[in-house]
Amino acid sequence: MTIIARKSFSTLPPSWQQSLAQGFHHPEELLRALGIPPEHPELRYEDKLFPMRVPHSFAQRMKKGDPGDPLLNQVLPKKIEYNASVGFTTDPVGDSLAMPAPGLLHKYHGRVLLVATGACAIHCRYCFRKHFPYSSAKPNAQDWRQTLDYIASDTSIKEVILSGGDPLTLSDARLASLIKKLEKIGHLERLRIHTRLPIVLPERIDQNLIDWLGGTRFATIIVIHANHPNEIDQEVIDGLERLMTARVTLLNQSVLLKDINDHVEILATLSEKLFEAGVLPYYLHQLDKVQGAAHFEVSDEEASRIHQQLMAKLPGYLVPRLVREQAGQAYKTPIT
Ligand SMILES: *Cc1c(COP(=O)(O)O)cnc(C)c1O
Ligand code: SF4
């Protein structure tokens with residue numbers, strides 16, 4: 001028997017930045033990987049404004065050979081997106097009216113939402129931020145000052161929400177430095193992060209992230225975004241467990257999507273799987289009427305019927321609130 005000397009090459013897994021840069025960027029490539037014929041008249045192969053983007057880890061949870069897969073259909077660009085639909089606009093939630101500083105939205109009492117970046121690890125076809133003017137709204141160093149000054153000047157603000165895009169696509173160094181600045185504002189008590197990365201790129205939850213999260217004086221809340229139980233696998237569960245070591249309250253928001261999760265059994269399983277992973281359901285959003293997303297729409301009547309079925313099936317703490325965001329309202333409007 002010959003013994004081959006082992007070369008000492010690194011067996012470290014790729015960093016999250018590498019995973020973020022890789023992923024699938026072309027529908028053909030993703031469909032081939034799933035063993036689905038890549039030519040289809042309904043597919044849209046190019047979209048300069050909002051190209052396909054899917055991390056490998058998320059794609060791995062799609063079912064091979066199934067063009068109807070609910071994860072695949074959240075990310076696959078289709079020609080139907082070109083169809084103009086009445087009432088579907090590029091700014092459905094009135095964001096451009098509520099911006100007191102670049103990238104800062106102050107719509108609700110006591111909390112502000114900071115558009116920390118326009119970048120996402122995944123491009124969800126139904127996304128309401130698809131047409132958001134990130135390049136003009138994205139704060140530069142000078143604007144951070146403006147944003148921080150605004151927050152400092154209004155003592156009614158207790159909570160800062162980092163949103164985007166996906167704020168966790170920013171480096172830990174940038175995030176930690178922003179949090180340090182926010183911590184100096186005495187009336188702030190809570191930090192909330194809206195992110196889909198724990199679901200779509202669980203390797204993002206690394207020790208650096210846990211270090212600054214665990215070290216902040218703020219009470220921290222992370223609102224993840226899962227729409228379907230198949231999005232939660234062991235890798236995701238392990239990542240959420242790491243987050244819990246930093247004493248983070250974990251919540252989930254979903255969007256109600258036609259032919260993806262518009263069924264009581266799917267939503268009930270999602271809630272139960274989330275709970276097992278330490279996450280409580282928070283919101284079930286009615287789709288924002290953004291141009292190109294009309295084919296995902298579920299009517300309010302149907303949404304309300306599904307929600308009632310969910311209430312009849314699960315304990316109250318596993319039923320997310322069914323809401324719609326309406327421009328000019330003081331809170332997300334419940335649908336009954
Ligand atoms: C959704 C949203 C919030 C958060 O609302 P909660 O009901 O506190 O979850 C805050 N600001 C803006 C601009 C929002 O769109
Ligand atoms: S902002 Fe959220 S919903 Fe929109 S594309 Fe990014 S991850 Fe998806």
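Counting starts at 1 for both ligands and their atoms, following the listed order.
- The side chain of K332, and not its backbone, has at least one atom closer than 4.0 Å to an atom of ligand 1 (non-hydrogen atoms only; side chain from C-beta on).
- Using a 4.0 Å heavy-atom cutoff, Y331 is absent from the residues neighbouring ligand 1.
- For R242 and D238, the salt-bridge test fails: no basic side-chain N is under 4.0 Å from an acidic carboxylate O.
- Annotation: cation-pi geometry satisfied between R44 and Y82 (NZ/CZ under 6.0 angstrom from ring centroid, within 45° of ring axis).
- Ring centroid separation for the pair H106 and Y150 comes in under the 6.0 Å cut-off.
- The proximity of C124 to ligand 2, defined as any non-hydrogen pair under 4.0 Å, involves the side chain as well as the backbone.
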List the steps and the verdict of salt bridge (charged side-chain N to carboxylate O under 4.0 Å, His left out) for E302 and K258.
-> CA-CA 10 Å; E302 177 66 4; K258 187 162 182 242; over 6 Å; no
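- Checking only distances, Y282 does come within under 3.5 Å of ligand 1, N or O to N or O.
- Checking only distances, K107 never comes within under 3.5 Å of ligand 1, N or O to N or O.
- Listed by number with element, the atoms of ligand 2 under 4.0 Å from a non-hydrogen atom of C120 are 1 (S), 5 (S), 6 (Fe), 7 (S).
- Using 4.0 Å as the threshold, I122 has a heavy atom nearer than that to some atom of ligand 2.
- Taking distance alone, with nitrogen or oxygen atoms compared against 3.5 Å, H194 stays at or beyond that limit from ligand 1.
- Among the atoms of H123, no N, O or S atom is found under 2.8 Å from atom 4 (Fe) of ligand 2.
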May I have the step-by-step check of ring-ring contact (aromatic ring centres under 6.0 Å, His included) for Y45 and H26, ending in yes or no?
CA-CA 7 Å; Y45 293 98; H26 299 285; 9.8 Å; no
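- Other residues, nucleotides and ligands contribute over 12 non-hydrogen atoms within 6.0 Å of the NZ atom of K78.
- Taking 4.0 Å as the cut-off, R192 counts as a neighbour of ligand 1 on heavy-atom distance.
- Within ligand 2, counting atoms from 1 as listed, the ones closer than 4.0 Å to a heavy atom of R196 are 7 (S).
- Salt bridge annotation for K313-E265: present, with a cationic side-chain nitrogen under 4.0 angstrom from a carboxylate oxygen.
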Query - Steps toward side chain to side chain donor-acceptor pair (under 3.5 Å) verdict (S19, Q22) - result: CA-CA 5 Å; S19 308; Q22 291 160 355; 5.1 Å; no
